[in-house]
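Shown next, in structure tokens, is the structure this report addresses.
When reading the values below, keep in mind they use all heavy atoms of this one structure, side chains included, and skip hydrogens, waters and symmetry mates. Proteins come first, then strands; the chains are lettered A, B, ... in the order of their sequence lines, and each starts at number 1.
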Amino acid sequence: MTTALAATEIVSQLSAQFPGAVEEAGTDAVLVKGEHLPAVVEYLKTAAGLKFDYLNFITAVDYYSYFEVVYRLTSLEFNRYIVLKTRCYTRNKPSVLTLTGIYQGADWQEREIYDLMGISFKGHKNLKRIFLWEGFDGHPLRKDWNR
Amino acid sequence: MTTTQELTLKTEPFILNIGPMHPSTHGVFRMRATLDGEVVTDIEPVFGYLHRGIEKLAEERTYTGIIPFTDRLDYLSPMSNNLGYCLAVEKLAGVKVPERGEYIRIITAELQRLANHCVAIGAMFNDAGAYFTPFLYMFRNREKIYDLFDMLCGQRVTYNYMRIGGVSQDLPEEFLPAVAKFLPQLKKFLDEYEFFVKQNEVFVARSKGVGILSKELAINCGISGPVARASGIKHDLRRDDPYSIYDRFEFDIPTAENGDCFDRFYVRVQEMRQSVRILEQAIKQVPDGPFRANVPQVIHPPAGESYAHIESPKGELGYYIVSDGSIAPYRFHIRPTSLINLGALRNMVRGWKVADLIFIFGSIDITMGEVDR
Amino acid sequence: MEIDENKDYIYDAHELDVHEGQIIEKLKANSQKSIPDPDGWLDEDIKRNIVLTSLDWVIDWARRSSLWPVACFPACCAIEMMAVEGPRFDLSRFGMEILRASPRQADLMITAGTLTWKMAPNVQRIYNQMPDPKWVIAMGTCGISGGIFRSGYNVVPGYNKIIPVDVYIPGCPPRPEAVIYGIQMLQKKIAKSKAVPDLNELPNPLKKGKK
């Protein structure tokens with residue numbers, strides 16, 4: 001059974017490593033500050049005893065007042081998972097740091113979020129629309145998007 | 001490549017557009033391939049030719065009304081898609097599925113895996129150049145599985161069979177005997193196919209060592225399913241994160257070492273054998289009782305989020321649902337197995353010929369409905 | 001040529017994408033109305049009966065008996081289309097076993113699946129590449145009206161916004177029997193069509209000076 005990593009355990013570890021990076025720790029997810037995200041993920045991927053080497057998926061949710069980007073990482077070795085979240089509080093050109101340098105699988109999923117949700121990923125080498133065509137008006141998965 | 005360098009032959013790079021309407025792109029996939037002579041130096045996949053906006057449409061439907069959409073995601077294995085979605089909603093709403101319902105779900109999901117691998121292997125031979133003959137042999141078996149599903153729900157491709165809390169209808173009386181009759185036939189056919197193919201020098205020469213995907217790259221790209229297992233990653237959600245009642249059955253997880261096209265074919269055939277094994281155990285144990293929990297047509301799950309993933313025939317298929325307590329999901333995201341499995345295609349085809357590009361692409365087994373959604 | 005791991009594409013991908021986007025937008029603006037059935041005039045019974053010749057009959061017989069479909073399979077209906085071609089239903093009994101990969105060798109287009117705006121220019125191009133005479137069968141609800149995806153932002157509500165359609169086969173997806181019935185309907189329709197042009201409509205070289 002893939003078990004969730006207890007939030008308290010990982011939060012104390014992360015807070016010691018990156019002071020101020022963890023914004024909030026819920027029961028099932030850890031909310032990380034945007035600017036610390038790649039460093040935290042890199043640490044989770046490489047640190048002994050954690051080894052979160054497998055990126056399940058990335059997605060984004062529009063909560064009107066902020067966008068939430070959700071990452072789910074799995075450790076194949078220890079059969080555990082962790083859900084990371086980060087938030088952008090602006091609706092006008094929100095941006096998150098990219099994870100393509102750490103996981104190659106993040107490439108197209110980040111492009112998909114850019115295309116449909118309009119969140120740009122700083123540092124992504126080929127950030128352009130993936131499903132819709134150049135010139136499509138708006139980002140359809142946003143809650144305020146109207147045809 | 002060394003001979004080219006020795007002779008200092010320089011050729012202009014040539015851009016070949018393959019697709020979106022091409023008989024071997026499994027739907028409407030398109031790639032811009034950069035060629036040096038006949039050698040592929042780079043490809044850029046272009047998506048979106050079947051982007052139907054299911055994630056947006058689902059925000060306007062009730063939880064039960066989304067089930068038909070999931071049928072049309074990966075249209076080669078609709079039952080598995082139904083199952084994954086229903087598990088995610090049940091996790092969110094806290095619904096318990098009755099025993100008989102669980103068994104029916106397992107039986108249909110495993111039959112679907114057999115049906116999917118039939119097309120996957122047949123289409124792979126199509127791409128290898130054996131035009132249509134092996135495909136028709138494989139389709140013969142798929143037709144028999146179609147008949148079984150037709151018996152269950154009256155549809156051949158898009159079943160819409162599972163419901164939140166169980167399945168839509170009970171098994172007809174003649175269903176289990178028909179499955180029991182079909183399994184030995186299939187085993188015989190599998191032996192036959194495997195014999196034909198493993199003896200075939202042309203196929204072995206074309207597939208062994210072609211399109212190698214290393215274990216590290218596969219993990220880094222998030223690749224799952226038979227493609228990952230062919231590269232030596234022993235990861236199967238049926239065993240590592242058992243959902244439904246998979247922990248009650250005995251089965252092995254076939255893996256291979258090299259990660260080439262032959263291994264991907266071989267792992268699929270072995271997986272079909274394991275599915276037959278699960279089915280043989282399951283049809284003997286189906287209990288009596290209700291097939292569906294008492295769940296209303298329109299449900300209001302509590303606000304929150306849930307992620308449920310299953311081992312679909314193509315790999316890890318997940319549904320991420322955010323609920324705000326209303327009758328429709330606030331956000332509905334599908335973890336697209338096919339899209340993520342394609343992530344390493346660019347690395348796999350570099351340095352191979354155009355004909356191998358088609359073959360390597362065929363061996364990954366994707367469905368465009370799931371790639372573009 | 002060396003394989004460079006970090007190299008960008010040799011072409012300007014952005015330029016290609018922008019060009020493609022312009023094509024889609026232009027087509028979308030121009031195709032908001034449905035194209036009527038090209039053989040709508042067939043209902044004018046009297047006109048047809050008068051000019052029907054034996055040559056018409058022979059040409060129509062030849063045309064309807066060996067329709068070659070082009071492979072245009074965007075989505076789910078493709079699986080049923082394969083089943084129709086497959087061992088059990090065997091479309092070759094009706095003289096159309098060869099699925100052509102090239103539209104230039106085909107005269108029938110079976111549009112199996114949802115059409116999106118991004119795909120629409122390509123489908124129109126395939127249709128234009130088919131030599132005359134050509135027919136189109138819209139297979140499945142998505143091909144007729146957009147089906148359950150009709151309200152989607154990227155879905156064309158029916159193929160007849162882009163190309164003229166002769167026969168509509170409902171179902172999601174239609175059963176193979178329905179597809180075969182639809183093709184037989186098309187064959188009946190071709191049997192009625194007028195291969196030899198109406199003599200009155202042709203320019204008459206004998207009548208000089210008169211139009």
Side-chain angles (χ1 to χ4, degrees), chain A residues 1-4 26-29 45 51-64 67-68 70 72-81 83 85 100-109 111-113 115-117 126 128-134 136 139-143 145 147, chain B residues 44-53 55-59 215-224 228 233-235 237 239-243 247 304-307 309 316-322 324 329-337 339-347 371-373:
Chain A
M1 198 76 169
T2 312
T3 48
T27 46
D28 50 353
K45 188 186 174 190
K51 288 262 183 248
F52 286 97
D53 49 0
Y54 188 86
L55 174 71
N56 284 62
F57 72 92
I58 309 176
T59 189
V61 189
D62 179 6
Y63 287 105
Y64 288 107
F67 289 105
E68 194 169 75
V70 184
R72 185 183 159 118
L73 312 174
T74 301
S75 162
L76 294 180
E77 193 180 331
F78 302 107
N79 208 5
R80 290 195 296 192
Y81 75 88
V83 178
K85 290 179 176 176
T100 42
I102 305 167
Y103 298 108
Q104 194 181 329
D107 185 353
W108 291 342
Q109 297 184 61
R111 273 178 69 186
E112 183 191 325
I113 293 169
D115 186 359
L116 302 179
M117 199 65 98
N126 189 24
K128 57 179 187 179
R129 283 188 180 267
I130 183 168
F131 290 147
L132 297 165
W133 57 92
E134 290 292 328
F136 187 86
H139 304 283
L141 276 186
R142 284 194 181 186
K143 288 283 175 185
W145 184 81
R147 240 180 307 173
Chain B
E44 187 202 2
V46 184
F47 303 103
Y49 293 97
L50 194 54
H51 179 62
R52 303 182 277 204
E55 290 183 3
K56 183 77 179 176
L57 288 172
E59 290 171 7
K215 191 176 174 179
E216 294 72 35
L217 185 66
I219 293 177
N220 198 12
C221 290
I223 286 170
S224 53
I233 304 168
K234 201 166 175 127
H235 185 70
L237 291 173
R239 188 203 59 181
D240 292 329
D241 189 7
Y243 51 90
D247 42 2
E305 56 189 68
S306 80
Y307 176 73
H309 52 186
E316 180 191 342
L317 172 75
Y319 289 89
Y320 177 76
I321 299 174
V322 179
D324 58 351
Y330 184 77
R331 175 84 170 91
F332 175 73
H333 176 73
I334 305 143
R335 183 205 188 266
T337 324
L339 178 71
I340 296 172
N341 278 2
L342 277 177
L345 182 68
R346 195 174 165 192
N347 307 70
V371 173
D372 291 341
R373 281 158 291 147

- request: State the CH2-CG distance between A:W108 and B:L342, to the nearest 0.5 angstrom.
  value: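 Reported to 0.5 Å precision, the distance equals 5.5 Å.
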Interface moiety of [X] toward chain B, non-hydrogen atoms closer than 4.5 Å:
X	answer
A:D53	both
A:A60	backbone
A:I58	backbone
A:N56	both

task: Test A:K128 against B:E44 for salt bridge (Lys or Arg N to Asp or Glu O under 4.0 Å), laying out the working first.
output: CA-CA 13 Å; A:K128 57 179 187 179; B:E44 187 202 2; 2.9 Å; yes
query: Does the pair A:Q104 and B:N347 meet the rule for a side-chain contact (heavy atoms from CB on, under 4.5 Å), with working shown?
result: CA-CA 11 Å; A:Q104 194 181 329; B:N347 307 70; 3.0 Å; yes
Non-hydrogen atoms of B:D372 and B:G48 that approach each other most closely: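 Taking B:D372 first and B:G48 second, the nearest heavy atoms are OD1-N, 3.1 Å.
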message: Below 4.5 Å, heavy-atom pairs only: which of A:L132, A:I130, A:V83, A:L55 has the largest tally toward chain B?
response: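 Most heavy-atom pairs within the cutoff with chain B belong to A:I130.
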- request: Go through the atoms of B:I219 and report whether side chain, backbone, both or neither lie under 4.5 Å from a heavy atom of chain A.
  value: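 Contact with chain A is through both the backbone and side chain of B:I219.
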message: Which atoms of B:I233 are under 4.5 Å from chain A, going by heavy atoms: the side chain, the backbone, both sets, or neither?
response: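 Side chain only.
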task: Evaluate the side-chain contact (heavy atoms from CB on, under 4.5 Å) criterion for residues B:Y330 and A:Y63: first the C-alpha distance (whole Å), next the side-chain angles of each, then the deciding distance (0.1 Å), finally the verdict.
output: CA-CA 9 Å; B:Y330 184 77; A:Y63 287 105; 3.9 Å; yes
message: One thing to verify: whether B:R331 and B:E55 come together as a salt bridge, which I'm taking to mean a side-chain N less than 4.0 angstrom from a carboxylate O.
response: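 Salt bridge flag = yes for B:R331 with B:E55.
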query: With chain A, which of B:R373, B:H51, B:E59 has the greatest number of heavy-atom pairs at distances under 4.5 Å?
result: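 Most heavy-atom pairs within the cutoff with chain A belong to B:H51.
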- prompt: Quick one: of B:L50, B:I223, B:V46, B:D324, who has the most non-hydrogen atom pairs under 4.5 Å with chain A?
  reply: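 The candidate making the most pairs under 4.5 Å is B:I223.
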task: Could you check whether the rings of B:Y320 and B:H333 sit parallel, tilted or perpendicular, using 30° and 60° as the cut-offs?
output: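 Rings of B:Y320 and B:H333: perpendicular, over 60°.
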